[in-house]
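See below for the structure under consideration.
Residue indices begin at 1 and follow the sequence shown. We count ligands from 1, going down the list as the structure has it; atoms in each ligand are counted the same way.
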Amino acid sequence: MLVEIRRATLRVLQTSGVSRLVADSRWRRQRLLILCYHGVSRQDEHLWRPNLYMKPDFLRQRLEMLQRGKYNVLPLGKALELLRAGELPPRSVVITFDDGMCDFYSCAYPLLKSCGFPVTVYQTTYYSDYQRPVFNLICSYMLWKRRGTVLNNGGELGLRQPLDLRTEASREEIVLQLMSRAEADHLNGADRDALAVRLASALGFDYQELLRNRLLHVMSPSEISELALAGVDFQLHAHRHRTPMDEASFRREIQENRQRLQSMTNSEAVHFCYPSGEYCSDFLPWLKAESVVSATTCNPGLVTTRTHPLLLPRFVDTSARSAIEFEGWLAGVGPLLAFKRYVPAGR
Ligand SMILES: [Zn+2]
């Protein structure tokens, strides 16, 4: 109901010309909108995780809206400098992609390139070096592909029986059991992948086919190098996509991520994005000590000169967001209406 009222209000603001007035206002000119994207489907990933994946055509339509509305899409670092100097151009927007999955290379980047839009990729690097599917994602995906069934052959994987794959909650519970087991047994990437192979076998799933398609893989070092040369901005997202609560481990995540990116891109990453949007105040001095100059969250909002540079809000765009909602956010009227905090599902 609230969503409908919100959409109706945005529609009225748009048709009455108020949205355009706000978009061109001095108020909006003092604000920066940072867009957040995750993945673009190569197959049916948007049906599995609509909060993370969208169809290529959906992204193309979003980029066309940016072009039609004459939005100024800026590189992240440049936009933050201009904001601080009070020199942002009208209707400023930054585009960011989290994780750096290989669908960015094959699906998203060609679309961005054809529009001439700059983009920042917050790149996690462990699974870039280790070219296998991301463990928790591939387990979740395979269970989803077998949704609607109940299996009794999960005992050998140490899972509670039976494996009820009929609801999202029960499938998520199985993923949590697998992840807890991997943590408790200190499994490395290869061991986790072996566990995923055994899960595939229990589900009657062709794992080799997934590998051939590179489904749910992170971009390889050579893909990252190639895109960096072409002008894509790669920034920090933690080496293992996690934010440990002790300073040494947290900072090691940043250091390893930065070192790996440096070797692939030949430049030093100084912007960070909190994995899964999770952050706490303890992280701020640790990021400062690592000379990180900005950090983005998944909290909705526009950036102003008063925003803490290590707590920059973003608009997380998903398949569930309507065109009217998206355009409302571009113009600047979207944030004026109440929105819930976005909680990414599983990544
Ligand atoms: Zn992420």
Identify the heavy atoms of Ser225 and Met264 that sit nearest to each other, and give their distance. OG-O, 2.8 Å
Please indicate whether Arg212 has more than 12 foreign heavy atoms, meaning atoms of other residues, nucleotides or ligands, lying under 6.0 Å from its CZ. yes
More than 12 heavy atoms of other residues, nucleotides or ligands under 6.0 Å from CZ of Arg147: is that the case? yes
Give a yes/no answer: is there an N/O/S atom of [X] under 2.8 Å from the Zn ion (ligand 1)?
X	value
His38	no
His241	yes
Asp98	no

Which class fits the ring pair His241 and His237: parallel under 30°, tilted 30 to 60°, perpendicular over 60°? perpendicular
Checking one value in my table: which N/O/S atom of Asp99 lies closest to the Zn ion (ligand 1)? OD1
